2 protein chains.
Amino acid sequence: MTILLSQEIDRTSYEPAYAQLVNILQASMATGVFKPGAQLPSEAQLCEHYKVSPMTVRRVINILLDRGLVTTAQGRGTFVKGVDIGEAVFHLSGLKEQIESTDRAQVQLLEARIVEAPERVARKLELSPVDWTIFVRRLLLQDGTPVSYHRAYLIYDPRRPIVEGELEVTSLEGLIHGNGQTDLQSGCLSIEAVTLKEEEAAILSMGQGDPAFLIDHTFYDFQDRPVSWGWFIWRADRLKLSATIGNRPPQDQQSAMKDSRRWTGEDHE
Amino acid sequence: MTILLSQEIDRTSYEPAYAQLVNILQASMATGVFKPGAQLPSEAQLCEHYKVSPMTVRRVINILLDRGLVTTAQGRGTFVKGVDIGEAVFHLSGLKEQIESTDRAQVQLLEARIVEAPERVARKLELSPVDWTIFVRRLLLQDGTPVSYHRAYLIYDPRRPIVEGELEVTSLEGLIHGNGQTDLQSGCLSIEAVTLKEEEAAILSMGQGDPAFLIDHTFYDFQDRPVSWGWFIWRADRLKLSATIGNRPPQDQQSAMKDSRRWTGEDHE
DNA sequence: AAGTGGTCTAGACCACTAT
DNA sequence: TAGTGGTCTAGACCACTTT
């Protein structure tokens with residue numbers, strides 16, 4: 001296996017050696033020089049061919065590894081992976097952009113009051129049903145039109161002074177922009193497809209029964225105790241989840257996304 | 001900043017030093033020793049304190065970096081990140097498991113025939129409308145009940161012998177299990193929330209207007225030419241997208257997911 | 001000038017897999 | 001035994017930011 005890969009590392013370039021080698025190998029796989037299942041040159045060979053140290057090659061392999069492009073087997077070698085739909089990873093794009101631009105986006109507080117935790121909420125937040133929670137309803141608008149209806153329960157516990165921080169965080173600006181130092185440690189999200197109920201449809205200016213995303217979220221503090229639970233009802237036409245699998249060279253990405261509104265024509269009879 | 005982190009590296013452990021250090025730092029952030037916004041000890045300090053080489057510390061920081069737990073600023077330091085909902089990443093779990101178990105899952109070919117590419121398909125596949133495509137309809141069942149209805153167009157071009165491979169790949173087993181060496185290079189997916197049309201509802205044994213996921217996919221060959229386009233209609237109750245953000249120590253993960261069927265009770269009046 | 005992250009070297013040793 | 005991936009060292013040099 002003395003496959004010679006034409007290019008070589010440009011030591012004068014601003015781009016570090018490891019990045020150049022990643023690109024070379026990724027491009028080689030992308031153009032089919034190394035097809036799925038094939039074995040890559042060994043690390044020693046790569047060292048010698050590209051005149052870089054073992055540590056640098058190792059780093060390169062690690063990068064390809066967690067980009068999901070190769071697999072490694074100790075004692076056997078490094079092998080090119082094929083595309084695998086199960087590895088698709090969807091980024092919550094749109095959501096971030098939609099709220100980040102404060103000029104076009106706007107949050108409307110519909111309601112905020114202290115209530116006893118309903119049984120279901122108490123379970124979620126690991127409370128007893130007599131404990132108090134803050135129930136919040138919000139509407140997220142963009143360019144004046146509503147895109148998401150948010151409801152959440154926050155723990156209200158005088159012994160935990162955290163609450164103020166939570167309120168701020170769950171104020172969306174904090175949630176999305178995030179970087180602000182909060183007292184939240186982690187969160188757990190899930191997405192479902194649902195149809196709008198009457199109240200939701202009215203608030204979102206849509207029709208009852210229209211499709212929407214339901215984004216469920218639970219946040220935890222530094223003791224890993226749940227501090228809030230809630231869910232967004234997000235207009236389906238305002239949220240896009242996208243993913244690429246396999247060796248997709250960084251380019252358009254969304255060119256394949258445009259014109260993806262649902263086909264209303266007949267689906268072949 | 002001479003914060004002493006109690007633990008130390010166990011050189012006799014099976015767990016490599018870098019992994020131990022990752023865990024120590026991640027746990028420190030998880031328990032609030034380093035709160036969001038705070039600065040981590042410098043790499044030199046970490047080297048000295050834990051008696052490891054600079055390269056090892058560097059590796060550790062890189063891991064925390066692409067886990068999204070810290071940010072680095074050259075010349076300034078390494079800082080703890082807060083939770084950021086926009087960074088949520090959803091894995092297509094369920095889909096993989098659902099199809100991987102061939103004993104419980106089953107694919108039913110409903111139709112496969114050669115057709116002229118409809119205008120929309122021709123655009124997607126970069127063909128002229130007179131070109132031919134293979135139109136395929138499939139039903140994916142699990143335990144005998146239908147969970148997903150799949151329709152796809154594959155390029156049919158005598159000059160491109162690839163087609164056979166595509167057919168095999170798009171035969172789902174290949175797509176999901178993946179590892180088989182295919183002639184596909186990459187794919188581009190997107191997810192929408194939709195409601196079932198009459199035909200879809202009938203095929204999936206659901207009601208018209210019920211919520212569902214629409215998973216749109218395009219696959220590309222090694223020349224980066226699109227070779228197939230299609231979409232799954234996936235029963236909403238059979239697909240779960242989950243994500244965690246922030247510093248979530250690897251544990252339950254799905255314990256917060258169970259009992260997440262939609263609340264049918266009144267949402268506080 | 002001092003401190004920080006970022007890259008890189010030229011080896012070493014180990015564990016594993018093949019022959 | 002030879003070849004492979006996996007870990008780790010003890011330095012070096014650079015670019016950047018702060019004081």
Side-chain angles (χ1 to χ4, degrees), chain A residues 1-3 5 8-25 29 34 37-81 179, chain B residues 1-3 5 8-25 29 34 37-81 179:
Chain A
M1 156 109 49
T2 38
I3 293 173
L5 304 170
E8 54 183 35
I9 308 289
D10 174 12
R11 301 326 277 242
T12 74
S13 166
Y14 176 74
E15 196 181 20
Y18 79 92
Q20 290 183 50
L21 188 46
V22 165
N23 289 338
I24 290 173
L25 292 180
M29 294 188 286
F34 302 117
Q39 181 170 11
L40 285 188
S42 77
E43 302 189 357
Q45 287 173 317
L46 292 173
C47 285
E48 203 233 355
H49 184 116
Y50 291 103
K51 311 297 182 198
V52 292
S53 77
M55 268 305 266
T56 302
V57 166
R58 206 75 245 306
R59 182 174 184 177
V60 167
I61 301 294
N62 272 327
I63 289 172
L64 296 177
L65 207 46
D66 65 41
R67 283 191 191 176
L69 300 178
V70 301
T71 60
T72 58
Q74 187 167 150
R76 298 204 299 123
T78 303
F79 303 87
V80 182
K81 275 216 290 190
N179 270 5
Chain B
M1 155 108 50
T2 38
I3 293 173
L5 304 170
E8 54 184 36
I9 308 290
D10 172 14
R11 300 327 276 244
T12 73
S13 166
Y14 177 73
E15 196 181 19
Y18 80 92
Q20 290 183 49
L21 188 46
V22 165
N23 288 338
I24 289 174
L25 293 179
M29 295 187 286
F34 303 117
Q39 181 171 10
L40 285 188
S42 78
E43 302 189 357
Q45 287 173 317
L46 291 173
C47 286
E48 204 234 354
H49 185 122
Y50 292 102
K51 311 297 183 199
V52 291
S53 77
M55 268 306 265
T56 302
V57 166
R58 205 76 246 308
R59 182 175 184 177
V60 167
I61 301 294
N62 273 327
I63 289 172
L64 296 177
L65 207 46
D66 66 41
R67 283 191 190 174
L69 300 178
V70 301
T71 59
T72 58
Q74 186 168 149
R76 297 206 298 123
T78 304
F79 303 88
V80 182
K81 276 216 289 190
N179 270 6

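All values reported here derive from a predicted model rather than from experimental measurement.
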Interatomic distance, A:L65 atom CG to A:K81 atom NZ [nearest 0.5 angstrom] |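 If we round to the nearest 0.5 Å, A:L65:CG and A:K81:NZ are 8.0 Å apart.
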
Can you name the nearest heavy-atom pair linking B:Y50 to B:I9, along with the distance?
->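 The pair with the smallest heavy-atom distance is O-CG1, 3.9 Å.
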
Would you find a donor on one side and an acceptor on the other, under 3.5 Å apart, between the side chain of B:Q20 and the backbone of B:E15?
->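 The answer is yes, because a donor-acceptor pair under 3.5 Å joins these two groups.
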
Ignoring hydrogens and geometry, is there a side-chain-to-backbone donor-acceptor pair from A:Q39 to A:R76 under 3.5 Å?
->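 Judged by distance alone, yes, a pair lies under 3.5 Å.
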
Nearest whole angstrom, please: distance from the [atom2] of [N] to the [atom1] of [X].
X: A:E43; N: C:dA15; atom1: CD; atom2: P; answer: 17 Å
X: B:Y14; N: C:dC16; atom1: OH; atom2: C1'; answer: 10 Å
X: A:L21; N: C:dT7; atom1: CG; atom2: C1'; answer: 14 Å
X: A:Q74; N: C:dC16; atom1: CD; atom2: C1'; answer: 5 Å

For A:G75 and for B:M55, find the nucleotide of DNA chain D with the closest heavy atom, then tell me which residue's nucleotide is more 5'.
->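 Whichever sits nearer the 5' end wins; that is A:G75.
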
Contact nearer the 5' end of DNA chain D, comparing B:K51 with A:I61 =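 Per heavy-atom nearest nucleotide, the more 5' residue is A:I61.
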
Map B:N62 and A:P54 onto DNA chain C by nearest heavy atom, then report which one ends up closer to the 5' terminus.
->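 Going by which nucleotide is closer to the 5' end, it is B:N62.
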
Indicate yes or no: at least one non-hydrogen side-chain atom of A:L25 is less than 4.5 angstrom from one of A:L46.
->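 Yes, close enough: below the 4.5 Å cut-off.
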
Quick check for you: among [options], whose closest atom lies nearest to any side-chain atom of [X]?
X: A:S53; options: D:dG5, D:dT18, C:dC8; result: C:dC8
X: A:T72; options: C:dA18, D:dA10, D:dG5; result: D:dG5
X: B:T56; options: C:dG11, D:dT9, C:dT9; result: D:dT9

For a quick test of reading the model: is some side-chain N or O of [X] closer than 4.0 Å to OP1 or OP2 of [N]?
X: A:T78; N: D:dG5; result: yes
X: A:R11; N: D:dC13; result: no
X: A:S42; N: D:dG3; result: no
X: B:R59; N: D:dT7; result: yes
X: B:Y18; N: D:dC8; result: no

